[in-house]
Amino acid sequence: MEPTNLSHSFARLRETAGLPGVRLHGLRHTVVSLLMELGSPPHVVQAIARHADVKIPFKVYARATLDACVRLS
């Protein structure tokens, strides 16, 4: 399925369900962040997110988690 079509289909389903404006890509980030916080093995996170390199989740999401911790303190 074409990514744009998938995003549009998701938006229609979300609106029909009366859910707030969450983007499909945002859900992907949420899943990866939660998996990392739960201590999932890096290769599992990589496989689920379909990243080309196992280091990508740590480069992108570890920084986001660090930023969130700083804001809370």
Set of side chain to side chain contact (heavy atoms under 4.5 Å, CB included) partners for Leu27, sequence neighbours left out:
Phe10, Val22, Leu24
Please identify each residue that fulfils side chain to side chain contact (heavy atoms under 4.5 Å, CB included) with Pro41, with sequence neighbours left out.
His43, Val44
Can you check whether His8 reaches Thr4 side chain to side chain, under 4.5 Å on heavy atoms?
yes
Got Val32 and Ile48 here, is their nearest side-chain heavy-atom distance under 4.5 Å?
no
First locate atom CD of Glu2, then atom OG of Ser7, and finally report the distance between them rounded to the nearest 0.5 Å.
10.0 Å
Separation between CG (Leu34) and NE2 (His29), nearest 0.5 Å, reads 13.0 Å
Establish whether Met36 and Val31 are linked, either directly or via other cluster members, by ILVMFWY side-chain heavy-atom contacts under 4.5 Å.
yes
With sequence neighbours excluded, residues passing side chain to side chain donor-acceptor pair (under 3.5 Å) with Arg50
none
